Amino acid sequence: MQIQENFSLRPYNSFGIDASARHFAGFSNEDQLEELLLTIQKSPITDQKLLILGGGSNILLVHDFDGWVLKNEIMGIEELHEDSEFLYVKVGAGENWHEFVQYCISRNWAGLENLSLIPGNVGASPMQNIGAYGVELRDLFWDLEAYHLFDRKVYTFTETDCEFGYRESVFKNKFRNQFAILSVTFRLRKKPIFHTSYGAITQELEKMGVHTLSIQAISKAVIQIRQSKLPDPKLIGNAGSFFKNPIVSKEKYQKLQSSFPDIVAYPSLGNDVKLAAGWMIENCGWKGFRNGDAGCHGKQALVLVNYGTATGTEILALSKEIIDSVAFKFGVILEKEVNII
Ligand code: FAD
Ligand code: EPU
């Protein structure tokens, strides 16, 4: 457990932003986290800002971080128990998400296949209740253990405690920056329930010549769809969707539809409607836009990119211009999905 000073975070954020941490350390168990917190307590009060880091794939660093970045490296996958329908699997927060999904798929543990190829680590997955292709984390979630950074105790959170919503949880809201998630337990199915109605999955499966559905085939289809439109952070810096898809009332949607008949939208909870932010951003002319090294991706307008040396401030400034133009044209305020640090 080595503490590094003035440590470059460039390799630790998928936007590839060149910012540094005043202090940086990894922890691979609860004791090490406790030890680090004691060290922090002894450091000057001005220096005590804290960030728990996972894979860095949903953050935008707009400054050097003047405090402690603690990277969660808790590993381990443990089969807890099973019943006739489900398997309960406890996973360390530092495990890579996609590798864990593939681990489950190779054992025929079903449920996570639609969530293939989402970057980042298991510990961050409940933060925004990650979701893709018709499935959300909450559908497979059983509970999690989280360490309270101030009262130094471990708490168990059930699904209800987490207050999951669309790209939301209690950890992004009232408990923001208060907990380090240590492990997540998933409830996976022995017999799969296939989710193929979302987006292009069915077409992709047809293209692949799949006649008998399997979780392996769905995972492969999802991976191929994602690779066809989302930029690979190893090649072009990004954090996936920069904004959330906005949810509006049915009345607001109908008004928009009368002015913009092609507007793309999906049913949401109750009478609400979820608008495709990518469509609105593209229709404001941003798709493929580039200013220096900050840009809006050419295949997915919801994704902002760093072509090399953009700063976090430049990406943030571009996001503000996009928010303003979407508000001006559609009267809809886009909310950021990415965590601004
Ligand atoms: P980080 O970026 O490290 O952290 C994100 C936030 O969580 C930070 O505020 C951090 O402080 C906090 N945090 C991280 N770990 C912990 C912990 N153990 N305890 C407490 N707090 C913690 N997201 C989706 O939902 N669906 C998608 O389809 C999707 N596609 C993406 C595609 C690409 C190409 C990219 C780059 C990103 C995409 N994302 C998607 C966003 C991202 O992958 C997820 O949000 C992921 O869960 C972030 O994990 P991370 O470990 O990288 O989190
Ligand atoms: N669209 C456009 N232009 C664009 C992008 C999208 O017109 O440039 C329209 C198209 O009609 C397209 C529709 O928007 O069919 C939806 O696009 P897509 O299927 O790519 O999904 P999305 O709504 O843009 C959301 C999530 C993604 C997730 C996919 C698949 C949010 C904010 N984003 O994107 O999650 O992978 O659905 O489920 O909800 C992320 O959160 O980082 C992320 C990538």
Side-chain angles (χ1 to χ4, degrees), residues 9 12-16 27 33 50-61 69-74 92-98 114-137 144-147 149 166-167 169 171-172 175-184 198-201 222 225-247 262-266 274-283 286-288 296-303 305 334-341:
L9 294 174
Y12 294 90
N13 73 99
S14 64
F15 252 124
F27 60 94
L33 173 60
L50 194 60
L51 176 75
I52 304 292
L53 186 66
S57 65
N58 206 19
I59 56 169
L60 178 67
L61 295 160
V69 174
L70 304 185
K71 184 157 162 49
N72 192 323
E73 291 167 346
I74 300 174
E95 292 284 347
N96 174 272
W97 176 263
H98 179 64
N114 292 52
L115 301 176
S116 296
L117 210 65
I118 296 181
N121 293 351
V122 167
S125 62
M127 289 295 297
Q128 66 162 15
N129 176 30
I130 57 170
Y133 297 94
V135 174
E136 287 183 329
L137 173 100
L144 65 77
E145 283 184 347
Y147 185 91
L149 298 168
Y166 163 60
R167 297 294 190 273
S169 78
F171 302 103
K172 244 187 132 174
F175 292 151
R176 197 177 186 95
N177 296 330
Q178 290 189 38
F179 284 93
I181 294 170
L182 304 173
S183 66
V184 183
Y198 186 96
I201 296 186
V222 167
I225 299 166
R226 294 180 69 96
Q227 285 174 335
S228 72
K229 56 171 131 181
L230 289 167
D232 178 351
K234 286 196 195 98
L235 306 174
I236 305 175
N238 76 91
S241 301
F242 197 88
F243 305 100
K244 296 207 271 184
N245 284 325
I247 293 168
D262 298 335
I263 194 164
V264 178
Y266 312 93
K274 194 189 268 182
L275 303 174
W279 185 91
M280 292 192 285
I281 297 169
E282 178 174 352
N283 275 267
W286 290 105
K287 198 171 185 169
C296 179
H297 190 52
K299 289 185 187 163
Q300 226 302 0
L302 200 46
V303 178
V305 292
L334 294 182
E335 198 186 315
K336 292 189 260 309
E337 178 194 299
V338 171
N339 299 281
I340 310 298
I341 309 287

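Fair warning: this is a prediction, and the values are worked out from it, not measured in the lab. Counting starts at 1 for both ligands and their atoms, following the listed order.
Evaluated by nearest non-hydrogen atom to atom 2 (C) of ligand 2, the leading choice among Glu282, Arg226, Glu136 is Glu282. Proximity annotation for atom 44 (C) of ligand 2: of Gly288, Ala301, Ser241, Ser241 comes nearest, heavy atoms only. Here atom 22 (P) of ligand 2 lies nearest to Gln300 when heavy atoms of Lys299, Gln300, Lys229, Lys274 are compared. Considering each of Ile263, Ile130, Val264, Asn238, the one bringing a non-hydrogen atom nearest atom 11 (O) of ligand 2 is Val264.
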Walk me through it: do Ile52 and Leu149 pass the test side-chain contact (heavy atoms from CB on, under 4.5 Å)?
CA-CA 10 Å; Ile52 304 292; Leu149 298 168; 4.2 Å; yes

Leu51 vs Leu70, test: side-chain contact (heavy atoms from CB on, under 4.5 Å). Steps then yes/no.
CA-CA 6 Å; Leu51 176 75; Leu70 304 185; over 6 Å; no

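Heavy-atom proximity to Ala132, at under 4.0 Å, picks out these atoms of ligand 2: 36 (O), 38 (O). Annotation for ligand 2: atoms under 4.0 Å from non-hydrogen atoms of Tyr166 are 31 (C), 32 (C), 39 (O). Interface atoms of ligand 2 facing Lys287, defined by a heavy-atom separation under 4.0 Å, are 3 (N), 4 (C), 8 (O). Proximity to Gly240 (heavy-atom distance under 4.0 Å) selects the following atoms of ligand 2: 42 (O). Those atoms of ligand 2 with a heavy atom of Arg167 less than 4.0 angstrom away are 26 (C), 27 (C), 31 (C), 33 (N), 35 (O), 39 (O), 40 (C), 41 (O), 43 (C).
With hydrogens and angles disregarded, a donor-acceptor distance shorter than 3.5 Å links the side chain of Trp97 to the backbone of Leu115. Side chain of Arg226 to main chain of Val222: no donor-acceptor pair is present (N/O by atom type, distance under 3.5 Å, no hydrogens or angles). Side-chain atoms of Asn72 do not come within 3.5 Å of backbone N or O of Ala93 as any donor-acceptor pair. Between the Asn114 side chain and the Tyr133 main chain, a donor and an acceptor come within less than 3.5 Å of each other.
For ligand 2, the polar-atom distance check against Ala276 finds no nitrogen or oxygen pair separated by under 3.5 Å. Here's the thing with Glu337: one of its N/O atoms is less than 3.5 angstrom from an N/O atom of ligand 2. When only interatomic distances are considered, the shortest N/O to N/O separation between Gln128 and ligand 2 does not fall below 3.5 Å.
Note that CG of Asp232 is 8.0 Å distant from CD of Gln227, once rounded to the nearest 0.5 Å.
Nearest heavy atom pair, residue Ser14 against residue Ala239, reads OG-CA, 3.9 Å.
With a 4.0 Å heavy-atom cut-off, ligand 2 is reached by the backbone of Phe243 but not by any atom from C-beta on.
Residue Tyr266 places a heavy atom under 4.0 Å from ligand 2.
Cation-pi geometry between Lys274 and Tyr166 is satisfied (NZ or CZ under 6.0 Å from the ring centre, within 45° of the ring normal).
Ring pair Phe175/Phe171 is tilted by interplanar angle, where 30° to 60° counts as tilted.
Not a single side-chain hydrogen bond (donor to acceptor under 3.5 Å, both in side chains) links Asn283 to another residue, sequence neighbours left out.
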Distance-only criterion, 3.5 Å: show the donor-acceptor pairs between side-chain atoms of residues 117-128 and protein atoms not counting sequence neighbours.
{"residue": "Ser125", "atom": "OG", "partner": "Val122", "partner atom": "O", "Å": "2.6"}
{"residue": "Gln128", "atom": "OE1", "partner": "Asn58", "partner atom": "ND2", "Å": "3.1"}
{"residue": "Gln128", "atom": "NE2", "partner": "Glu337", "partner atom": "OE2", "Å": "3.1"}

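The 4.0 Å heavy-atom shell around ligand 1 contains residues Ser14, Leu51, Ile52, Leu53, Gly54, Gly55, Gly56, Ser57, Asn58, Ile59, Asn72, Ile118, Pro119, Gly120, Asn121, Gly123, Ala124, Met127, Gln128, Ile130, Gly131, Ala132, Arg167, Phe179, Ala180, Ile181, Arg226, Pro231, Pro233, Asn238, Ala239, Gly240, Asn339, ordered by chain and number.
Pairs engaging residues 114-131 under the salt bridge (charged side-chain N to carboxylate O under 4.0 Å, His left out) rule: none recorded [sequence neighbours left out].
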